[in-house]
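These notes concern the structure reproduced below.
One-based numbering, in listed order, for ligands and for the atoms of each.
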Amino acid sequence: MRMVDIIAKKRDGGELTTEEIQFLVDGYTDGTIPDYQMSAWAMAVLFRGMTARETADLTLAMAGSGEQLDLSSLEGIKVDKHSTGGVGDKTTLVVAPLVAAAGIPVAKMSGRGLGYSGGTIDKLESFRGFQVERTREQFLQQVRDIGVSVIGQSGNLTPADKKLYALRDVTATVEAVPLIASSIMSKKIAAGADAILLDVKVGKGAFMKNLEEAETLAKAMVAIGSQVGRKTVAVISDMNQPLGFAVGNALEVKEAVETLAGRGPKDLTELVLSIGSRMLVLGGLVSNVEEGRGKLEELMASGKAVDKLAEMVEAQGGDKADVYDLSRLPQANIIHEFVAKQDGYVEAIDAEAVGHASVVLGAGRLTKEMPIDLAVGFVLHKKRGDQVRAGETLVTIHANDEKLLQSALEELEDAYTISTEIPAAQPLIYKIVEA
Ligand code: URA
């Protein structure tokens with residue numbers, strides 16, 4: 001087989017065989033296929049697309065390109081959850097202990113934040129002493145013992161995807177839907193998932209800017225799931241404005257704990273219940289979403305969901321007292337109120353702008369190596385549709401540096417749009433995509 005023939009076949013709109021796809025993934029992983037040929041192929045895919053079968057083959061080949069996590073020693077159906085990323089998205093912090101409290105084993109690998117999009121692993125480090133690096137055996141044993149562990153991505157999982165994603169980033173081929181879908185799904189499959197719940201974010205603060213794109217991606221991933229025997233459900237949810245009120249690591253942890261206790265913001269609570277209940281269905285614990293919701297609401301009200309998070313924090317080296325006394329989490333020195341300049345209604349809060357402002361403040365990183373400040377961030381007081389009066393606080397800023405605070409304020413200025421008209425309501429959840 002020759003890579004040049006495979007590139008030409010795709011360039012001319014042909015369908016690659018399973019063997020051809022395996023050949024190119026193997027060759028790219030071991031370095032016998034160079035970047036320039038892989039780039040040409042990725043560009044051909046961008047223009048020509050891939051069939052569902054080709055996409056599934058690519059996913060499995062990439063999942064098998066490195067180490068794969070074997071979760072078969074854990075009882076039950078292992079349901080993984082993935083978000084395509086957004087601003088204020090602390091859903092995993094709530095959903096993981098919540099569904100674990102219901103009896104679904106959660107052995108989850110999460111990422112760090114990059115750019116304006118935050119990461120679960122950074123947020124968890126707000127608990128002093130919390131270990132995100134665990135050996136495989138520690139990780140699995142913890143799930144056996146208490147039902148849940150969330151750790152950083154470790155080991156040599158999906159090296160083909162790592163290389164290809166970096167290449168796509170610099171060859172203007174990130175946008176190819178089959179490549180995005182196979183990239184995400186290969187990582188979930190290598191991480192051992194039996195079933196997958198995808199939270200596909202759509203809007204200004206998301207990778208997918210409009211509903212049509214988000215739906216195309218969601219359908220592509222659900223189709224891969226069907227092809228490779230992993231039940232997959234996608235929830236398409238709003239990321240035009242930040243999720244919940246808190247943006248910033250420790251601030252988001254506090255909001256997540258409040259949400260686990262049933263006192264969270266309406267939008268975050270609704271999303272968590274929607275995602276969590278579908279995970280219970282995928283895990284075979286309940287027969288329908290309504291039953292799942294009821295179970296999860298009970299776990300929130302009884303305090304069992306918060307207790308599960310406390311168990312996880314303790315098992316991973318943190319102090320569970322932090323979960324019950326949130327004032328022990330990292331606190332910023334400077335508290336500044338960002339106020340409305342005029343009366344009116346909040347027409348929009350640009351999630352991307354809020355995300356950028358949080359990076360400026362130190363809550364996020366622009367390069368993988370940048371240190372972050374866990375204490376800083378924003379607490380929004382007004383969300384889309386809320387009425388405001390001039391002088392009223394829109395956002396409380398938690399900062400540790402006056403200069404960074406001023407720069408963040410400049411970014412925030414552009415984030416809020418206040419109008420005299422009540423804006424039309426926008427849904428939190430646009431669509432559920434199932435096989
Ligand atoms: N996220 C991924 O993991 N892969 C992509 O290709 C795009 C977003």
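- Under the salt bridge (Lys or Arg N to Asp or Glu O under 4.0 Å) criterion, R11 pairs with no residue at all, not counting sequence neighbours.
- Across all their heavy atoms, E252 and L93 have their closest contact at O-CD1, 4.4 Å.
- Residues with a heavy atom under 4.0 Å from ligand 1: Y165, R168, I180, S183, I184, K187, F207.
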Taking distance alone, no hydrogens or angles, what donor-acceptor pairs closer than 3.5 Å link side-chain atoms of residues 1-8 to residues at least two apart or in another chain?
{"residue": "R2", "atom": "NE", "partner": "D5", "partner atom": "OD2", "Å": "3.1"}
{"residue": "R2", "atom": "NH2", "partner": "D5", "partner atom": "OD1", "Å": "3.1"}

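- One finds no salt bridge joining E290 and R293 here, because no Lys/Arg side-chain nitrogen approaches an Asp/Glu carboxylate oxygen to under 4.0 Å.
- Residue pairs satisfying the ring-ring contact (aromatic ring centres under 6.0 Å, His included) criterion with at least one member in residues 29-64, sequence neighbours excluded, are absent.
- For S117 (side chain) and G86 (main-chain N/O), a donor-acceptor pair under 3.5 Å exists by modelled atom type.
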